[in-house]
Student: 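Provided herewith is a single structure, encoded as structure tokens, for subsequent inquiry.
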Amino acid sequence: MIAWMQKHKKYLVVTIWISTIAFVAAGMIGWGQYNFSFASGSVAKVGRILITQEELDMAYKQLVDAYSQSIPNFKDLDEKQIKAMGLERSALQVLINQALLKNLALDLGLGVSSNEIIAEIKKSSMFQKDGHFDEDLYKKILQENHYRPSAFEDNVKNALILQKISALFPKATTPLEFDSFLWALQLQDKVRIKILEPQAVALREDDLKKYYEQHKNTYKKPTSYTLESVEVKPDELKAGISTQQLQDYYQKNKSAYSKGGKLEDFEHVKDKVQQAYLLHKAQEVALEKYLALKKNTLKLNAKTLTSLPYSGEINQKIETLRVGEVLKPQNYEDGWLVVKLRAKDSNQIQTFEEAKAQVRVALGAIQQKEQLEKEASQQVKNFQGEDIGTITSDFQGTIHDLSPEQSKKLVRHIFNQPYKQGYMILEGPKAVLYQIYAQDFKHALKDTHTLKEAFGNLKAQSFDGVLVSMLRAQYPVTLYSKNLQE
């Protein structure tokens, strides 16, 4: 990506996309391979090109501006969060990639004249007034966006150099290249299949026990939780509540008892006030019990459970407690719940008898699969299958009585194998024998325009990789800031 495309007056992000040199892609320049030293005013050196802190700041700002326009809620992030995303390092990668190309331009004798820079700037409608370039407007916009004219003009110069370099490289795919790309997609196979279903297997007790001993650590009992808990119900606190206490609570919380902007009379909302007051008092009691449990001054009868009985949210919080911790009062079933985790055990192994049913299923599936493998390997060379017609690499639908997902897996397997016949074991388990009895390249593709664009991108990426490898070998990269390596 070259920094030169007029976007918005506020940002002045100058960007030119080069389809054949996608150097912005992160990772093309490897990290952790460079020497680090000190160079005043510069953050890196690539071959003969120095990258200054000012250039990095500008590239970083452009990247942040681009993110803020394209990513929802990006503007809500603070500077620390933005830094954590590694945008400064990404900006430096862009500059390093550009510097590699500029080194190449120097070696090729490519340059940009002052007249070319001026002409490029004057072409921009951003700096025009009444259809003509306005120098005062140009300086004003740059000042508003905190760019020095010399730095901005250097940016334009760099963009023009990169444009000239990009013009040296092929931008289009040849008909032969594209046809070769399409051949794999136009391939279609005519296939016969046979599905082998598993047979029942006889499992001996000794085999079950042997398998259990080999895998018993996978047959654990559910995690057990030893809890001390107490529930505080508002109704339990009704005794001893006076009308005066309710009136005092009503006076402190009048705003909660207005209707249509008018305060409701105490007698009219007395039941609501009592309900709210009791819930409030229950919370206070629950807080007292919470503190007492934390200080070990309150002892409750502990219960050991393998299934937590509370709400999903409360259960999740209990699961994250450390032994000895107390969960703060939780609103639960119109009251308050306080829980202390006394012990937690997630390592209890089921006995053979407890795990026997699971062991039988697991071992049975293994033996059925082995049986299918053996049967499929014996039949695959001479089987007489059902003709399922033509399949293609973009197959959609179902084959025989296979599920859509099983059908897709089978088609992918057939197209990925270099043999005209074979078999595949699918989950279930079941085995599918297949035989390709004819092939052609007549599969009609729906959107060749999109495919051509996709192939162009693949070709560009391949070309980029080769070019980057060459440039990296020719022009050493030195970083002067260790912070940019982290």
Side-chain angles (χ1 to χ4, degrees), residues 80-81 216-259 263-355 358:
K80 185 177 180 181
Q81 290 171 315
K216 64 181 179 182
N217 286 336
T218 63
Y219 297 103
K220 292 184 177 181
K221 294 181 179 180
T223 300
S224 66
Y225 302 87
T226 301
L227 306 175
E228 291 183 20
S229 64
V230 59
E231 292 184 44
V232 182
K233 299 291 188 181
D235 289 346
E236 298 170 354
L237 306 176
K238 276 186 179 180
I241 299 299
S242 67
T243 301
Q244 185 61 49
Q245 287 174 306
L246 297 179
Q247 287 178 333
D248 291 343
Y249 185 80
Y250 168 78
Q251 291 295 327
K252 290 179 182 177
N253 299 276
K254 283 183 177 180
S255 60
Y257 305 103
S258 60
K259 191 173 183 179
L263 182 65
E264 294 183 276
D265 180 73
F266 170 74
E267 291 299 330
H268 184 69
V269 295
K270 186 176 180 179
D271 289 342
K272 290 183 180 179
V273 173
Q274 178 175 280
Q275 185 179 8
Y277 177 71
L278 288 174
L279 186 62
H280 171 71
K281 292 298 292 182
Q283 186 179 21
E284 289 184 345
V285 173
L287 282 169
E288 291 173 0
K289 294 185 180 297
Y290 164 74
L291 294 173
L293 278 173
K294 283 194 72 173
K295 296 176 182 178
N296 288 319
T297 58
L298 175 64
K299 297 294 182 181
L300 301 170
N301 291 329
K303 294 181 179 179
T304 299
L305 307 169
T306 55
S307 176
L308 296 173
Y310 309 112
S311 67
E313 182 181 357
I314 294 175
N315 290 344
Q316 285 182 351
K317 291 178 179 180
I318 293 173
E319 288 169 0
T320 62
L321 289 177
R322 292 191 296 257
V323 173
E325 280 190 317
V326 184
L327 185 64
K328 289 182 179 179
Q330 302 291 307
N331 193 228
Y332 177 66
E333 293 187 349
D334 299 323
W336 296 93
L337 171 71
V338 183
V339 175
K340 182 172 186 175
L341 181 61
R342 279 293 180 193
K344 181 178 179 179
D345 190 349
S346 57
N347 294 310
Q348 291 188 59
I349 305 296
Q350 294 183 55
T351 64
F352 171 70
E353 290 300 326
E354 290 171 329
Q358 299 172 65

Student: Search all heavy atoms of Thr320 against all heavy atoms of Glu325 and return the closest pair with its distance.
Tutor: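 Nearest heavy atoms, Thr320 then Glu325: O-OE1, 4.4 Å.
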Student: Could you list the residues that satisfy side-chain hydrogen bond (donor to acceptor under 3.5 Å, both in side chains) with Gln275, not counting sequence neighbours?
Tutor: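 For Gln275 there are no side-chain hydrogen bond (donor to acceptor under 3.5 Å, both in side chains) partners, ignoring immediate neighbours.
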Student: Taking all non-hydrogen atoms of both residues into account, name the closest pair between Glu354 and Gln350 and its distance.
Tutor: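 Minimum heavy-atom separation between Glu354 and Gln350: O-OE1, 3.2 Å.
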Student: Measuring from Lys317:NZ to Lys328:NZ, what's the distance to the nearest 0.5 Å?
Tutor: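 Spacing of NZ (Lys317) from NZ (Lys328) equals 10.0 Å.
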Student: For residues Asn331 and Gly335, report the shortest heavy-atom separation together with the two atoms involved.
Tutor: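 Distance-wise, the nearest heavy atoms are ND2-O, 2.9 Å.
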Student: Side chains of Leu279 and Trp336: closer than 4.5 Å at any heavy-atom pair?
Tutor: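 Answer yes - side chains close enough.
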Student: Taking the side chain as everything from C-beta on, heavy atoms only, tell me whether Leu300 gets closer than 4.5 Å to Leu293.
Tutor: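 With C-beta onward as the side chain, the pair touches.
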Student: To the nearest 0.5 Å, tell me how far Glu231 CD sits from Tyr310 OH.
Tutor: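 Those atoms lie 6.5 Å apart.
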Student: Does the side chain to side chain contact (heavy atoms under 4.5 Å, CB included) test come out yes or no for Asn347 and Lys220, once each step is laid out?
Tutor: CA-CA 6 Å; Asn347 294 310; Lys220 292 184 177 181; 3.5 Å; yes
Student: Quick one: closest heavy-atom pair of Leu327 and Gln330, and the distance?
Tutor: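 Distance-wise, the nearest heavy atoms are CD2-CG, 3.6 Å.
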Student: Please list, chain by chain and in numerical order, all residues satisfying side-chain hydrogen bond (donor to acceptor under 3.5 Å, both in side chains) with Asp248, sequence neighbours excluded.
Tutor: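 Per chain and number, Asp248 pairs via side-chain hydrogen bond (donor to acceptor under 3.5 Å, both in side chains) with Gln244.
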Student: Quiz question: by atom type and distance under 3.5 Å, do the side chains of Thr304 and Thr226 form a donor-acceptor pair?
Tutor: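 Indeed, the side chains of Thr304 and Thr226 share at least one donor-acceptor pair under 3.5 Å.
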Student: Taking the inter-plane angle between the rings of His280 and Tyr249 on a 0 to 90° scale, is it parallel (under 30°), tilted (30 to 60°) or perpendicular (over 60°)?
Tutor: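 Answer is tilted, since the angle falls between 30° and 60°.
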Student: Heavy atoms only: give me the nearest Pro309-Asn315 pair and the separation to one decimal.
Tutor: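 Result for this residue pair: N-OD1, 4.1 Å.
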Student: Within a strict 4.5 Å, meaning less than it, do heavy atoms of the Leu308 and Leu227 side chains meet?
Tutor: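 The answer is yes; the side chains approach within 4.5 Å.
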Student: A side-chain contact here means heavy atoms from C-beta on lying under 4.5 Å apart; do Asp345 and Lys221 qualify?
Tutor: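 SC-SC contact between Asp345 and Lys221 ruled out.
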Student: If you round to the nearest 0.5 Å, how far is OH of Tyr332 from CD1 of Ile314?
Tutor: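 Spacing of CD1 (Ile314) from OH (Tyr332) equals 7.0 Å.
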Student: Should we count NZ of Lys294 as having more than 12 external heavy atoms under 6.0 Å?
Tutor: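 No, not enclosed.
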Student: Is the shortest heavy-atom distance from the side chain of Lys233 to the side chain of Asp334 under 4.5 Å?
Tutor: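 Side-chain contact under 4.5 Å: no.
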Student: Under 3.5 Å, is there a donor-acceptor pair between the side chain of Lys289 and the main chain of Pro329?
Tutor: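 No; judged by distance alone, with no hydrogens or angles, the pair does not exist.
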Student: Taking atom CG of Asn296 as the centre, does the number of heavy atoms from other residues, nucleotides or ligands within less than 6.0 Å exceed 12?
Tutor: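 Counting other residues, nucleotides and ligands, CG of Asn296 exceeds 12 neighbours.
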Student: When rounded to the nearest 0.5 angstrom, what distance separates NZ in Lys340 from OG in Ser229?
Tutor: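 Reported value, rounded in 0.5 Å steps: 13.0 Å.
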Student: Might you work through the side chain to side chain contact (heavy atoms under 4.5 Å, CB included) test for Thr243 and Lys270, ending with a clear yes or no?
Tutor: CA-CA 9 Å; Thr243 301; Lys270 186 176 180 179; 3.9 Å; yes
Student: Are the side chains of Leu246 and Gln274 in contact, using a 4.5 Å heavy-atom criterion?
Tutor: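 Result yes, sub-4.5 Å side-chain heavy-atom pair found.
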Student: Is Ser346 reaching over with its side chain to a backbone N or O of Thr223, donor-acceptor style, under 3.5 angstrom?
Tutor: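 It does not hold such a pair.
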Student: What distance do Leu305 atom CG and Ile318 atom CD1 have between them, rounded to the nearest 0.5 Å?
Tutor: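 CD1 of Ile318 is found 9.0 Å from CG of Leu305.
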Student: Can you name the closest pair of heavy atoms from Val338 and Ala286 and give their distance?
Tutor: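 Reported closest heavy-atom pair: CG2-O, 3.5 Å.
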